[in-house]
There are 2 protein chains.
Amino acid sequence: MASIKDVAQRAGVSIATVSRMMSNKTFVKEETRERIQVAIDELNYRPNRVAQRLRDSQSHILALIVSDIQNPFFSELARAVETLARTRGYSVFICNTDEDPVLEERYLELMSQEQVAGVIISPSRKAAPKLKALHKLNIPIVSVDRRAGDEFDTVLIDNTEAAQRLTEHVIAGGHQKIAGLYGENSFTAEERLVGFQEALAAHNLSAHEVRRCPAFENEGYDAALAMLSSSNPPDALICSSALLATGAYRAVQKLGLNIPDEVGFACFDDPVWTRCVNPAVTVIRQPTRHIGETAAELLLKRIEEPSRSASLIRLQGELVPRESVREPVA
Amino acid sequence: MASIKDVAQRAGVSIATVSRMMSNKTFVKEETRERIQVAIDELNYRPNRVAQRLRDSQSHILALIVSDIQNPFFSELARAVETLARTRGYSVFICNTDEDPVLEERYLELMSQEQVAGVIISPSRKAAPKLKALHKLNIPIVSVDRRAGDEFDTVLIDNTEAAQRLTEHVIAGGHQKIAGLYGENSFTAEERLVGFQEALAAHNLSAHEVRRCPAFENEGYDAALAMLSSSNPPDALICSSALLATGAYRAVQKLGLNIPDEVGFACFDDPVWTRCVNPAVTVIRQPTRHIGETAAELLLKRIEEPSRSASLIRLQGELVPRESVREPVA
DNA sequence: TGTTTGTATGAAATCGTTTACATGATGTTC
DNA sequence: GAACATCATGTAAACGATTTCATACAAACA
């Protein structure tokens, strides 16, 4: 691949002149400029970003590290981050950790070594030490969806409040025996569970049953099937995440239960299928786009002004009432 | 950030020794090794990948450029590529172009400047010139899902054959007035449309109606609504992609049509919702994981052996019969 | 004419690595 | 004890860019 040296040689100038002409800043005679341009075209020259980055460490590249790119929340997030970053002249590398802490750490390490300008991450429980290490190296970091520590800029929804609101809504529909299906090992599920229980307590109810399991579809299916086919089944089910809800919904179908008469159904996140099924499913929709944009903005601000103090931004989840919960009794 | 020089100084050795000790290849006295390790720990030293990459241009980084990371096909693809690459010691940068040819070109350019080891891309129609340019620069490229030219390794499913098979299946169910909803400006939709029409022709039928529109949910909704609410509606609808199908399905619901009695429904791709709705939707499932792995394998092969001739790999789509098409009349 | 100013260019240092080559020390072999 | 491996380390060049500093020439000014 042609380098600046080749271009310089071909155009009969020094590499300094070529460099100047490329960044078209300072004085380069029009005639020289043209001559260099010809050489560039002939050689198909492209400046080597790696060398540029080594020289003056400003990469204009952001990293987005997500646990599961297949999760619509994260893919939408990725898109939002990408879009906003682009308007500011930044590109985004997306890294998928597949929920694997080892991989997460590896990507974090890789990104710091790659000298990216900053990192947006939805950290796993185990990420904290590594994040703190990067923080010490003054690598700007924004945490989304989950908290990693006070020292990091963070953007997430008020999970507890949202869960309260959703639970209230189910209670208002007259459901009494409300069960919850929550992810385990998840900060987010934790917060949602709190809101769930607070709302019940406020109505002198308690959870009919709470199950926690790994946040995957099959696990959700199994857990929901067990709950719903017990001798004393719940009359409503709330799920803490899309994948869990997908599995749970399939369990409901499997048992041929009528929604919402036999069992109410509601969940967090707003996967496509909740609008395709009949009756459509009531959900808490995360303002994903907004989260992504906010995170990107925050990161760029920190890049510009590394010493600003960390902010924690909580956005509101949106309750989208559809038909999977009974109508409130007037 | 501490550099190798700092470590060398602190440990009282030359940078060469530090470098050797890090790559732990050649002779370094145990005692020296330990001394250096101490310095590394104290300084929190991490080798600078950018410098490494500049020195010996082997990045062990792959780029995956997709048009829509929100599309489950691509997110699953990303995961498959990521996973396979990892087993071979490669990391993957995922880039999202949002179906924008300008962005696509920019990422392609960026990746070549970043000296990635190779690129996997699902190219837009307009990508060809840029791809050829990169090809001239000897950057290994694998095209997935769509074709870009003979000179590129390519992995895709046999769309025409799969569409034939799907259409046959619908015909076998006794549907007669079969309409098609196909994406426009898409190589893939093109191929599928051919298979659709060939299958019909083979049964002396012709398409009841074919609409082509941008492959988004809302466009699918509008187009399907128009077709289904006409005075002479189809008795089955085949959609060429997940997004289109999502919109179309919502249109079916909106009109309260019974599936499969009033209208049969089938589509390409296997989004989650097709298994959640009742009756579940018959689909052609792409062997997405397999596609991703094959593409990654192919790319790595080409990286190792740049001169091998390009191969075109066609995988089979899998027909998944569910209940949205009438039972074959025996 | 001599000094100043503005424009156009080149030489060389620098970023953080790896590595070919050189050198020094130690031990082995005849 | 001379010759020779073997091991351990250092020196310096290279990768491809940017940028500071120096230089050269012209035009402008006194």
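All chains are named by letter (A, B, ...) in the order of the sequence lines, taking the proteins before the strands, and each is independently numbered beginning at 1.
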Using a 4.0 Å cut-off on heavy atoms, which residues in residues 34-44 of chain A reach DNA chain C? List them by number, or say none.
none

Please walk me through it: do A/Gln37 and A/Asp41 pass side-chain hydrogen bond (donor to acceptor under 3.5 Å, both in side chains)?
CA-CA 6 Å; A/Gln37 187 58 55; A/Asp41 293 343; 3.0 Å; yes

Length of the line joining [X]:[atom1] and [N]:[atom2], which is rounded to integer Å:
X        : N      : atom1 : atom2 : answer
B/Ile4   : C/dT14 : CD1   : P     : 18 Å
B/Glu114 : D/dG16 : CD    : C1'   : 14 Å
A/Asn48  : D/dC15 : CG    : C1'   : 9 Å
A/Glu31  : C/dT7  : CD    : P     : 18 Å
B/Ile15  : C/dC15 : CD1   : C1'   : 12 Å
B/Met22  : C/dT18 : CE    : C1'   : 13 Å
B/Glu30  : D/dA8  : CD    : P     : 10 Å
B/Gln115 : C/dT17 : CD    : P     : 18 Å

Which residue, B/Asp56 or A/Asp56, contacts DNA chain C at a nucleotide closer to its 5' end, judged by nearest heavy atom?
A/Asp56

Of the candidate nucleotides [options], which contains the atom at the shortest distance from the side chain of [X]?
X       : options               : result
B/Lys29 : D/dT9, C/dA8, C/dT18  : D/dT9
A/Phe27 : D/dT19, C/dA8, C/dG16 : C/dA8
B/Arg55 : D/dT9, C/dT17, D/dG16 : C/dT17
A/Thr17 : D/dA12, C/dC15, C/dT9 : C/dT9

Base, sugar-phosphate or nothing for [X]? Non-hydrogen atoms, less than 4.0 Å.
X       : answer
A/Arg33 : nothing
A/Thr32 : sugar-phosphate
A/Val13 : sugar-phosphate

Pairing of [X] and [Y] as salt bridge, 4.0 angstrom limit:
X        : Y        : result
B/Arg125 : B/Glu190 : yes
B/Glu191 : B/Arg314 : yes
A/Lys126 : A/Glu105 : no
A/Lys301 : A/Glu297 : no
A/Arg289 : A/Glu76  : no

Strictly distance-based, threshold 3.5 Å: is any side-chain N or O of A/Ser143 a donor or acceptor partner for the main-chain N or O of A/Ser122?
no

Of B/Gly12 and B/Leu54, the one whose closest DNA chain D nucleotide lies more 5':
B/Gly12

Is the shortest side-chain N/O distance from [X] to OP1 or OP2 of [N] below 4.0 Å?
X       : N      : value
A/Lys5  : D/dC15 : yes
B/Ser19 : C/dT17 : no
A/Gln52 : D/dG16 : no

Could you label the plane-to-plane angle of the A/Tyr90 and A/His60 rings as parallel, tilted or perpendicular, counting under 30° as parallel and over 60° as perpendicular?
parallel

Does any donor-acceptor pair link the side chain of B/Arg20 with the base of D/dG10 at a separation under 3.5 Å?
yes

